[in-house]
2 protein chains.
Amino acid sequence: MAVTKHSKQRDAIIDELCQRHDHPTAEELYLALKMKMPNLSLGTVYRNLNMLSDDGTIQKISVGGADHFDGNAKNHYHMLCTECKRLLDVAYPVLEDIENKAHSFVDGRITSHTITFIGVCNSCL
Amino acid sequence: MAVTKHSKQRDAIIDELCQRHDHPTAEELYLALKMKMPNLSLGTVYRNLNMLSDDGTIQKISVGGADHFDGNAKNHYHMLCTECKRLLDVAYPVLEDIENKAHSFVDGRITSHTITFIGVCNSCL
DNA sequence: TCAATAATGATAATTGTTACTGTTATTATA
DNA sequence: TATAATAACAGTAACAATTATCATTATTGA
């Protein structure tokens, strides 16, 4: 179902997600918001994150265990820290032509691509 | 725990995984092997796949819902079909220098990278 | 051959996520 | 502004993927 009506919960979710520059999981987001909205439900967080990522308003990133969410909908790359399991932005310029270049190696049609670097972040080193 | 002893189950898992060129989930692999080894346990499949991917003998790929496993341990890229959720190999040449190039954009140390193309495979088109 | 122990099968437990249900809040219209 | 339609909600149950537990079996080195 698409987003039609407004709600305080949804606004708060988007706000929180765009404010912070880590890429929280649904539960991390829920815990942070729960302090301001004590009767917020985890299901509401999941429902909204899914609707918003279906919309293209935000990004859902499936890497390791739990899905992470990113308020920045523009394609960009990430690094997963194998120690703390956090997901960091990598400002490496997006390879605009890689999808066209890859076309001949693929049995099908490419619509997007993701690059994930694996490593250890500075705070863990 | 590292792999020390041998077992028929483990050998069969590696065999099956290397024979086939799709990238099965633990359960898909389990169902295929169950026919030859009727008392194989799903837990054994998971345990071995994890040990082997920790070893670097095989690859674990976390993209959508369930983890996929790849008998080819050499780095290479994949495409996820949004229709059938299958994971296909993409023979696009590995960008050997991208990790060095990305270094200056990252707060930490990079040890590897993955590229996943998203699209629709030919059989689904 | 035998003792030590890694690996197994079966099953329970855990985790992340989705679905359901009755209630509340939002929005368009009168 | 009141009202009716319904999207979105909270709370909870259900579900799927994965991991942990534990008693038994298989492998291996002495």
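What you are looking at is a predicted structure, and each value in this text was computed from that prediction instead of being measured. Naming: A, B, ... by sequence-line order, numbering from 1 per chain.
- Take B/D22 and apply the side chain to side chain contact (heavy atoms under 4.5 Å, CB included) test, not counting sequence neighbours, and it matches B/R20, B/P24.
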Per-nucleotide protein contact string for nucleotides 16-24 of chain C (B base, S sugar-phosphate only, - none; heavy atom under 4.0 Å): SBB------

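- Here the two rings, on A/Y77 and A/H113, have centers that are under 6.0 Å apart.
- In this structure, CG of B/D54 is placed 16 Å from C1' of C/dA7, rounded to the nearest angstrom.
- When the side chain to side chain contact (heavy atoms under 4.5 Å, CB included) test is applied to A/L31, the partners found at least two apart in sequence or on another chain are A/E27.
- The stretch residues 30-40 of chain B comes close to DNA chain C through B/N39, B/L40, each having a heavy atom under 4.0 Å from the strand.
- Between A/Q9 and D/dA10 there is a side-chain N or O to OP1 or OP2 distance below 4.0 Å.
- Under the side chain to side chain contact (heavy atoms under 4.5 Å, CB included) criterion, A/D67 pairs with A/K60, A/S62, A/F69, not counting sequence neighbours.
- Hydrophobic cluster of B/M35: no remaining members, since no ILVMFWY side chain lies below 4.5 Å from it.
- B/S41 is linked by a side chain to side chain contact (heavy atoms under 4.5 Å, CB included) to B/T44, counting only residues two or more places apart in sequence or in another chain.
- B/R10 places a side-chain N or O within donor-acceptor distance of the main-chain N or O of B/K5, the cut-off being under 3.5 Å.
- Where pairing requires Watson-Crick or G-U contacts shorter than 3.5 Å, the helical stems of DNA chain D with at least three consecutive pairs are C:1-30 with D:1-30.
- Each salt bridge (Lys or Arg N to Asp or Glu O under 4.0 Å) pair with one or both residues in residues 33-42 of chain B, not counting sequence neighbours, appears once here: B/E16-B/K36.
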Ignoring hydrogens and angles, write down the donor-acceptor pairs under 3.5 Å from the side chains of residues 116-125 of chain B, residues two or more places apart or on other chains.
unit_1, atom_1, unit_2, atom_2, d
B/S123, OG, B/R86, NH2, 3.3

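- One interatomic measurement links the two molecules: CD1 of B/I61 to P of D/dT18, which rounds to 13 Å at whole-angstrom precision.
- Scored by the ring-ring contact (aromatic ring centres under 6.0 Å, His included) test, A/H78 finds A/H23, A/H76 as partners (sequence neighbours excluded).
- Whole-Å rounding puts the B/M51 CE to D/dT18 C1' distance at 16 Å.
- Under the 4.5 Å side-chain criterion, counting only non-hydrogen atoms from C-beta, A/M37 is in contact with A/K8.
- Rounded to whole Å, the distance from CG on B/L52 to P on C/dA7 is 10 Å.
- For the pair B/D55 (side chain) and B/T57 (backbone), a donor-acceptor distance under 3.5 Å is absent.
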What's touching nucleotides 25-30 of chain D from the protein side, N or O pairs under 3.5 Å?
unit_1, atom_1, unit_2, atom_2, d
D/dT27, O2, B/K5, NZ, 2.9
D/dT28, OP1, B/H6, N, 3.2

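- A sub-4.0 Å separation between OP1 or OP2 of C/dG9 and a side-chain N or O of B/T44 is present.
- Minimum interatomic distance between B/A12 and B/L33 (heavy atoms only, all atoms of both residues): O-CD2, 3.7 Å.
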